[in-house]
Every structure is written in structure tokens, then in C-alpha cells.
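Since the structure comes first, as C-alpha cells, the remarks are kept for the end.
From a predicted model like this one, the values you see are computed outputs, not experimental measurements. Side chains are part of it too, since the values below use all heavy atoms of this structure and drop only hydrogens, waters and symmetry mates. Start at 1 and go down the list; that is how both ligands and their atoms are numbered.
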Amino acid sequence: MSFFRPYARWLDLTSGRIPEADVVTQRHLTDMRGFYADADAEAALIASNPLIYEVYCGAEFSVRAGELGFCATVMYPGKVGDEYYMSKGHFHAKPERPEIYVCLRGTGRLVMFTAEGDVDVQAMQPGTVAMIPPFWAHRTINTGVDDFAFLATFLTDAGHNYATIAEQGFPVLVVERDGQPTVIDNPRYQRDN
Ligand code: S6P
Ligand code: ZN
């Protein structure tokens with residue numbers, strides 16, 4: 001069987017980018033309308049449409065079982081209202097698939113939750129290795145003033161399920177209060193769902 005081919009890519013450990021990535025995805029504010037809690041702040045920023053984050057993937061992935069993939073995410077510093085720039089966040093389409101994140105640059109948070117209502121927030125700084133268990137949705141947040149970057153590795157058949165998150169977000173938000181990242185409840189999230 002020859003349908004898997006070995007490959008290697010150079011990950012720039014300083015910037016967090018994979019310069020020769022086969023696939024680069026950019027997410028601007030218009031790609032995540034409605035994800036931030038403060039609709040007025042989003043409307044005020046939408047004309048300038050800031051780039052929030054970029055994802056560099058080593059290769060175009062198949063969805064065949066048994067393939068491990070890796071992607072590096074670089075997230076820029078900024079806020080929409082008092083909510084820090086963040087990823088859309090997702091469950092995996094195969095929700096039982098876990099994932100590992102390795103922080104390369106900056107400071108941030110990895111926020112996770114389960115459909116049963118458990119919530120977990122991990123602080124991320126260069127060198128932090130975080131495990132996202134099966135069935136936990138995950139989102140990253142740049143709480144610093146520099147770029148925040150991390151490497152993710154996962155079985156490529158994990159896929160993405162953004163629909164639940166697009167509807168009502170995460171149970172908690174990470175906002176700036178008195179200059180500090182602070183975790184607060186998300187008023188839009190229905191805990192009994
Ligand atoms: C894939 C992995 C990451 C994210 C990336 C962007 O399973 O978790 O590569 O895709 O950080 O986040 P999102 O929520 O927009 O896919
Ligand atoms: Zn994931």
C-alpha cells in the first residue's frame with residue numbers, strides 16, 4: 001500500500017509559521033461574523049476587516065484513517081470590544097478524536113468544553129504542551145500584545161464541526177478586565193441545551 005507518503009516541513013520556531021505549508025487559511029473578522037459577544041464593537045471594526053489568525057498546514061490532508069496531520073496557527077493581538085482575538089473554535093466532526101497543542105510564541109488561553117457542560121481553561125506560553133481529550137470543543141485566544149502561535153497535531157479524519165459554536169458560542173468568554181484576561185460566563189450560552 002503506497003497511498004501515504006512521508007513528508008517533512010520546516011516550522012519556524014520564532015514566528016510559529018510553516019513557510020512552505022501546502023495549505024494556508026486566513027480568518028478575517030468577516031469570516032467569523034457573530035462569534036464575538038459585542039455586536040456593536042464587531043460592526044465598528046468590520047470595515048477595516050482585520051486579519052485575526054492564519055493556519056499553516058503541512059500538507060493537504062486526506063480523511064483516510066491513520067494519517068496524522070500538523071498545522072501551525074498564528075493569531076494576532078487585538079480585541080473586539082473587550083474580548084480578545086480568538087479562533088472560531090470547534091468540536092471535531094469525529095468528536096472522539098483528541099488533539100495536542102504545543103505553544104510556540106506569545107501568551108494565550110486554550111478554552112475547552114464538553115456538551116455535558118464541563119469547562120476547562122489552560123494558560124498557554126512557549127513550551128506549554130496541552131492535550132485536548134476526545135469530545136472536548138476547543139478554542140484558542142491571544143491574551144497578549146505579541147503574536148500567539150502554536151502547533152496542533154491530530155488524526156486528519158477528525159475533521160471540524162463549527163455549527164454548534166456558531167450558534168451559541170462557548171460557555172465562557174475571555175475578556176480584558178482591569179488590564180487582565182478574565183474568564184466570564186457567556187450570556188448567550190444555554191447551559192441546559
Ligand atoms: C485542528 C486544530 C487547529 C485549528 C486552528 C484554527 O483540529 O484544532 O489547527 O483548526 O487553530 O481554529 P479553528 O477553530 O478556526 O479551526
Ligand atoms: Zn481541533
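Counting heavy-atom neighbours within 6.0 Å of Q125 CD, excluding the residue itself, gives a total of 12 or less. Within 6.0 Å of atom CD in E96, more than 12 heavy atoms from other residues, nucleotides or ligands are found, so the atom counts as buried in its surroundings. Annotation for E60: atom CD does not count as buried by contact number, only 12 or fewer foreign heavy atoms lying within 6.0 Å.
Residues Y85 and L51 come closest through the heavy atom pair CE2-O, 4.2 Å. Pairing each heavy atom of C71 with each of F154, the nearest pair is SG-CZ, 3.7 Å. Nearest heavy-atom pair, G58 versus I18, reported as atom, atom and distance to 0.1 Å: N-CD1, 4.4 Å. Shown here for D31 and K88, the closest heavy-atom pair between the two residues is O-NZ, 3.8 Å.
In terms of protein heavy-atom proximity, atom 16 (O) of ligand 1 is closest to Y162 OH, 2.5 Å. When only non-hydrogen protein atoms are considered, atom 9 (O) of ligand 1 lies nearest to C71 CB, 3.8 Å. Nearest protein heavy-atom neighbour of atom 4 (C) of ligand 1: H90 CE1, 3.8 Å. Among protein heavy atoms, atom 10 (O) of ligand 1 sits closest to H160 NE2, 3.4 Å. Of the protein's non-hydrogen atoms, the one nearest atom 3 (C) of ligand 1 is Y101 OH, 3.7 Å. When hydrogens are left out, the protein atom nearest atom 15 (O) of ligand 1 is Y53 OH, 2.5 Å; that is the closest non-hydrogen contact. Annotation: atom 11 (O) of ligand 1 to nearest protein heavy atom, T73 OG1, 2.8 Å.
In this structure, R139 falls outside the shell of residues with a heavy atom less than 4.0 angstrom from ligand 1. Heavy atoms of V55 approach ligand 1 to within less than 4.0 angstrom. Remark: distances from the non-hydrogen atoms of A158 to ligand 1 are all 4.0 Å or more. Under a 4.0 Å heavy-atom criterion, M32 is not in contact with ligand 1.
Screening residues 99-122 for salt bridge (charged side-chain N to carboxylate O under 4.0 Å, His left out), with sequence neighbours left out, gives R105-D146. Screening residues 129-143 for salt bridge (charged side-chain N to carboxylate O under 4.0 Å, His left out), with sequence neighbours left out, gives no hits.
Counting only distance, with no hydrogens or angles, the side chain of N186 and the backbone of R188 share a donor-acceptor pair below 3.5 Å.
Cation-pi check for R17 over F150 is not met; the charged atom does not lie both under 6.0 angstrom from the ring centroid and within 45 degrees of its normal.
Residues forming a salt bridge (charged side-chain N to carboxylate O under 4.0 Å, His left out) with R9 (at least two apart in sequence, or on another chain): D22.
The heavy atom nearest to atom 7 (O) of ligand 1, considering only K88, E99, H138, is found in E99. Among A93, G89, S87, the residue whose heavy atom lies closest to atom 14 (O) of ligand 1 is G89.
Less than 4.0 angstrom separates some heavy atom of F150 from each of these atoms of ligand 1: 11 (O).
Of all protein N/O/S atoms, those under 2.8 Å from the Zn ion (ligand 2) are H90 NE2, H92 NE2, E99 OE1, H138 NE2, and waters are not counted.
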> side chain to side chain contact (heavy atoms under 4.5 Å, CB included) between L11 and L151: does it pass, once the steps are laid out?
Replying inline: CA-CA 9 Å; L11 168 65; L151 183 76; 4.2 Å; yes

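Between H92 and ligand 1, at least one N/O pair is under 3.5 Å apart.
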